[in-house]
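What follows is a short report on a single structure.
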Amino acid sequence: MEPAFGDSISDAILQPFIRASNDSWSNAVRPPASVLSDIQSESNFHLDNPSDSMKDSLDHYVPSLLGTEKSYKVMKKRTSLPKIPLPQSAASFYNGYSPRMEIVESCESVNRLNFFLKSRREEVDAGVPGRFLHAVIGQDVPDVGSVASAIMYAFYLNETLENDQFFTVPVINIKRTELNSHAELKWLLDSCQIDQSSLIFIDEIDLSYYDLFGSLKLVLLNGSKLPSKQEALKESVIEIFNGKEGEVAYPWVEKVTVGQECSSCTLIAENFAMTSPQILAGQGFSRLLLAGILLDTGNLSSPDSTTKDKYMATLLLNGAGRFGCNGLYQILRYKLYDVSELRVADILGKDFKKWTRVGKADNSCSRLTVAHVGMSSIGIPVEQLLSHGEASTREIKYFLQTEKLRLLMIVSGYYDQQKNSLQEILVSTESVEVMKNLLFFFNSNASQLPFKAVHQPGIGEEMKAFEIDKVTSRKTIERLLEQFGGPFNQHRP
């Protein structure tokens, strides 16, 4: 091995180790003093017995001498992951706040998955001649679990279904441009070496075209009902995977898998384990499923986490790599709320829901009016959102106009330095009149949503900030917003 560790880091890691004395080990791989001090200060990591470490490396290298070769991808790009509480084994790879490098094993499982995605993309672009489009689609929620389950279940069906008339393809139920505002998704796909250019997003395929000619067969994930914007395609649904027990939205569907509240990625991993367990050995392949399980179950600690989730996460442990399960989860969570490089509109659109209310225009006439109400959930304090840029207030109002909303409620949930859970609300309305109606409605429902006003300078009368006195579930806030609306002025005394 050459001593130029900083100049040829991939060579230093990927070449076989040869047993040597302690002195030769120190001269061969000792990094610069500044790097070593940073690493030691972060994790107190050291090698007590260099010969043991070299033996482990040699053991891992021996299979390549016997004919089974492994290739690795070394990425030196800097990734901003400040102050993530990683385990010591993971922290030892960090210099300050940024990973020095990422080493990912190139596995056959991911190669097969990328070949599947690329071939499907090419045939969709060609029009899928002479076959049924067997599309696997989830809810219109851009989270890791939904994206990972759509990709992996489509691949599983393609590997196991013996029907030449079905052309199975995963459809990611968000627009491709929305991927840019989800750093956790982009980081995970890059980390697993998934070819993002081969993925098919909902704005890149016209499902209604295939439905019109009777050639669409839908597999619905993570729910018993299609999102409202795809409800017209419901007669094409032939399978429901991980639906809720007791819900029968489409009685004609014969193949229904009830998930018993566990993660969809858990059920998919279980299917692979029963049919082709060897495919789960690939690090990138198993990481995609493991990440979905960890985020769906709050790192296996939420009340909804099941024994099956924990068992499958253990089986997929290789996917966590050098980060460990806790480290992988912390990176994904940090990326989920990392908005440092996003515009205000992207922050509001990360977790946004909109619904329509219909009611009378006023109390004296019967003319109906349509009002759109929206809610965005963010993981940063309201003050931080407003200080995100000089034009933050204008961007919030522009988002209100772009989505054609009469009212936008921004719900902020975050932890302070003492790990206390806090919630805030920032409300932006179309007019001062709508704001007055909302304030009266809030006062009438103070027992369900106790809050107090918070002064935020320079936001105007059509925007108000509030602090919630007790932690309130998102479902409760959604239910209250659904009650408000319709005739926006009928809540006044």
Side-chain angles (χ1 to χ4, degrees), residues 109-180 182 185-186 188-190 192-223 226-242 253 255 264-265 268 271-272 279 284-285 288-289 292:
S109 307
V110 171
N111 292 338
R112 286 174 58 187
L113 177 59
N114 280 329
F115 179 78
F116 160 74
L117 294 173
K118 187 175 186 296
S119 62
R120 290 311 185 252
R121 177 78 199 209
E122 291 173 351
E123 291 207 40
V124 165
D125 292 342
V128 195
R131 288 196 282 177
F132 290 105
L133 180 70
H134 189 216
V136 178
I137 189 170
Q139 302 300 312
D140 52 350
V141 180
D143 59 24
V144 166
S146 297
V147 174
S149 58
I151 295 172
M152 292 306 221
Y153 194 56
F155 182 63
Y156 169 77
L157 291 177
N158 181 74
E159 295 287 299
T160 56
L161 282 182
E162 298 179 357
N163 190 336
D164 294 336
Q165 295 301 311
F166 275 20
F167 176 78
T168 306
V169 59
V171 178
I172 312 301
N173 205 359
I174 59 172
K175 296 179 180 179
R176 180 176 286 273
T177 53
E178 293 181 42
L179 185 63
N180 296 327
H182 294 277
L185 268 174
K186 289 183 67 66
L188 179 63
L189 293 172
D190 285 338
C192 297
Q193 301 187 51
I194 303 298
D195 181 9
Q196 297 178 35
S197 65
S198 297
L199 296 176
I200 300 174
F201 293 80
I202 192 63
D203 58 326
E204 298 174 336
I205 186 170
D206 188 358
L207 296 179
S208 60
Y209 171 82
Y210 296 94
D211 182 58
L212 179 65
F213 292 98
S215 59
L216 179 64
K217 304 294 181 182
L218 283 180
V219 177
L220 176 60
L221 301 178
N222 304 320
L226 282 167
S228 56
K229 57 188 177 184
Q230 282 123 17
E231 183 67 16
L233 307 174
K234 63 182 181 182
E235 294 184 2
S236 297
V237 176
I238 63 169
E239 180 184 351
I240 295 176
F241 184 81
N242 199 22
V253 179
K255 188 176 181 181
S264 293
C265 291
I268 296 168
N271 287 340
F272 277 118
I279 204 170
F285 195 91
L288 194 58
L289 290 169

- request: List the steps, then state whether side chain to side chain contact (heavy atoms under 4.5 Å, CB included) holds for Asn180 with Lys186.
  value: CA-CA 7 Å; Asn180 296 327; Lys186 289 183 67 66; 4.2 Å; yes
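- Atom CD1 of residue Ile200 and atom CG of residue Asp125 lie 7.0 Å apart, to the nearest 0.5 angstrom.
- With rounding to the nearest 0.5 angstrom, the CG atom of Asn222 is 11.0 Å from the CG atom of Asn173.
- Checked by atom type and distance alone, the side chain of Asp195 never pairs as donor or acceptor with a backbone atom of Asn114 at under 3.5 Å.
- Here the options are Val136, Ile151, Leu185, Ile202, the test is side chain to side chain contact (heavy atoms under 4.5 Å, CB included), and the partner is Ile172; only Ile151 passes.
- For the pair Leu179 and Phe201, the tightest heavy-atom approach, listed with the atom from each and the gap, is CD2-CZ, 3.9 Å.
- For the pair Leu157/Phe241, no side-chain contact is recorded, criterion being any heavy-atom separation below 4.5 Å from C-beta on.
- Residue Asp140 holds its CG atom at 9.0 Å from OG of Ser146, rounded to the nearest 0.5 Å.
- Side chains of Asp190 and Gln196: a donor on one and an acceptor on the other come within 3.5 Å.
- The CG atom of Leu216 lies 4.0 Å from the CG atom of Leu218; values are rounded to the nearest 0.5 Å.
- Atoms CG and CG, from Asp211 and Leu233 in turn, are 5.0 Å apart once rounded to the nearest 0.5 Å.
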- prompt: Should Arg112 and Phe155 be marked as a side chain to side chain contact (heavy atoms under 4.5 Å, CB included) after you check the CA-CA gap, both sets of side-chain angles, and the distance that decides it?
  reply: CA-CA 9 Å; Arg112 286 174 58 187; Phe155 182 63; 4.2 Å; yes
message: Go through it in stages, so that I can follow the logic: the residues are Ile194 and Leu117, the test is side chain to side chain contact (heavy atoms under 4.5 Å, CB included), and I'd like the CA-CA distance, side-chain angles, deciding distance and then a yes or no.
response: CA-CA 9 Å; Ile194 303 298; Leu117 294 173; 4.0 Å; yes
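- To the nearest 0.5 Å, atom NZ of residue Lys118 and atom CG of residue Leu199 are 13.5 Å apart.
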Donor-acceptor pairs are to be reported for all side-chain atoms of residues 160-171 against protein atoms at under 3.5 Å, with residues two or more places apart or in another chain.
| from | atom 1 | to | atom 2 | distance (Å) |
| --- | --- | --- | --- | --- |
| Thr160 | OG1 | Tyr156 | O | 2.8 |
| Asn163 | OD1 | Gln165 | N | 3.0 |
| Thr168 | OG1 | His134 | ND1 | 2.9 |

- prompt: Could you walk me through whether Tyr153 and Asn242 pass the side chain to side chain contact (heavy atoms under 4.5 Å, CB included) check?
  reply: CA-CA 11 Å; Tyr153 194 56; Asn242 199 22; over 6 Å; no
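- Ser215 contributes a side-chain N or O that, together with a main-chain N or O of Tyr210, makes up a donor-acceptor pair within less than 3.5 Å.
- Checked options Arg120, Arg121, Lys175; the residue passing with Glu204 is Arg121 (criterion: salt bridge (charged side-chain N to carboxylate O under 4.0 Å, His left out)).
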